[in-house]
Protein chains: 2
Amino acid sequence: MKKPHDKTTRMTQALRDGGVRVTRQREALLKVLTEAADHPDAAELHRRAKGIDDTVSLATVYRTLTVLEREGVVHRHSFESGGARFEVADPVHHDHIVDLDTGQITEFRNDKIEELQRLIAAEMGYEIVHHRLELYCRKLG
Amino acid sequence: MKKPHDKTTRMTQALRDGGVRVTRQREALLKVLTEAADHPDAAELHRRAKGIDDTVSLATVYRTLTVLEREGVVHRHSFESGGARFEVADPVHHDHIVDLDTGQITEFRNDKIEELQRLIAAEMGYEIVHHRLELYCRKLG
DNA sequence: GTACTTGCAAAATATTTGCAGTCTC
DNA sequence: GAGACTGCAAATATTTTGCAAGTAC
């Protein structure tokens with residue numbers, strides 16, 4: 001079993017390789033991100049990061065998230081309400097189901113849908129750069 | 001061929017039936033919405049509505065859009081960047097392709113994808129209330 | 001006439017940025 | 001040591017709201 005630490009180390013290395021400096025604040029944020037099982041927003045990430053390093057400011061959280069997104073380390077989502085929410089980039093793309101009652105977010109992946117999207121785009125002369133599929137749902141029964 | 005006017009008349013009637021008052025400002029906004037071929041944001045709708053009735057304020061545009069959305073007359077979309085964008089509710093659901101270079105939005109619909117979504121949600125014990133599928137694309141070669 | 005609507009300006013939210021000091025590589 | 005990064009506070013951008021006046025039904 002891989003410890004979160006390993007993941008963080010790998011990420012910081014990837015950042016350094018990309019010419020990005022790894023500061024105390026960025027390490028804290030990376031730790032928070034890798035340990036997050038949910039999809040926190042910037043304010044929540046700030047709250048959690050301050051628990052590790054009290055000097056992390058909200059501005060730095062935003063700036064760092066922008067960098068991490070550019071480096072391909074995190075993904076930014078904008079669900080229907082509220083601000084952007086973030087998660088560590090998964091090598092395998094996935095989509096989201098949002099529980100309208102609890103707000104809980106579940107991930108899923110379906111190759112057939114992915115393929116159909118490609119076909120539809122191609123038919124209209126387009127190549128997909130990225131996409132969003134979100135199902136806003138309610139529990140059955 | 002139906003004139004936009006007919007559509008607007010039908011919409012105002014639907015609103016009145018729903019106990020919503022149809023004011024001068026709301027009529028202007030409805031006209032702008034039915035005539036829009038694109039997916040304007042609130043500021044753009046405001047600009048266009050003022051062309052019909054100079055008294056329409058931005059606050060009213062926002063308030064009216066909220067009412068129209070609640071009444072099921074318009075749909076609100078939040079694409080990746082910028083504020084919300086609106087369109088008259090289409091009786092048949094459709095998804096969107098966003099051209100990353102031009103910002104142009106194209107609509108499409110695919111029953112197979114719709115069905116797959118339903119199946120995926122059901123498998124996880126969910127019923128879809130609504131969904132979003134957006135393909136961010138670039139023109140092919 | 002009553003309750004819903006409106007315009008205006010101020011407030012609330014979410015995110016970005018200028019600047020002077022700090023720290024990574 | 002150079003340039004990237006940071007905190008803070010002020011600035012943006014978008015949307016919402018309190019209030020007094022206006023208007024649809």
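Each chain gets a letter, A, B and so on, in the order its sequence line appears, and its residues count up from 1. The figures here come from the full heavy-atom set of this structure, side chains too, leaving out hydrogens, waters and symmetry mates.
- A distance below 6.0 Å separates the ring centres of A/His93 and A/His131.
- Among the atoms of the strands shown, base atoms are found under 4.0 Å from some heavy atom of A/Arg63.
- In this structure, the nucleotide among D/dT16, D/dC8, C/dT15 sitting nearest to the side chain of A/Ala42 is C/dT15.
- The distance between atom CD of B/Glu44 and atom P of D/dT15, rounded to the nearest whole Å, is 14 Å.
- Within the 4.0 angstrom heavy-atom criterion, no nucleotide atom of any strand lies near A/Arg24.
- Within the structure, every side-chain polar atom (N or O) of B/Arg21 is placed at least 4.0 Å from both OP1 and OP2 of C/dA3.
- Rounded to a whole Å, the CZ atom of B/Arg26 is 14 Å from the P atom of D/dT23.
- Ring planes of B/His96 and B/Phe79: perpendicular class, angle over 60° (limits at 30 and 60°).
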- Message: Set out, in order, the CA-CA distance, both residues' side-chain angles and the distance that settles side-chain contact (heavy atoms from CB on, under 4.5 Å) for B/Glu107 and B/His39, then state yes or no.
- Response: CA-CA 11 Å; B/Glu107 304 175 350; B/His39 296 65; 3.2 Å; yes

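- Distance CZ (B/Arg70) to C1' (C/dC4): 11 Å, rounded to an integer number of Å.
- Map A/Ala59 and B/Leu58 each onto its nearest nucleotide of DNA chain D; the residue landing nearer the 5' end is A/Ala59.
- Atom P of nucleotide C/dC4 and atom CD of B/Glu71 are separated by 13 Å, given to the nearest angstrom.
- If you check every strand for non-hydrogen atoms under 4.0 Å, B/Ala84 touches sugar and phosphate atoms only.
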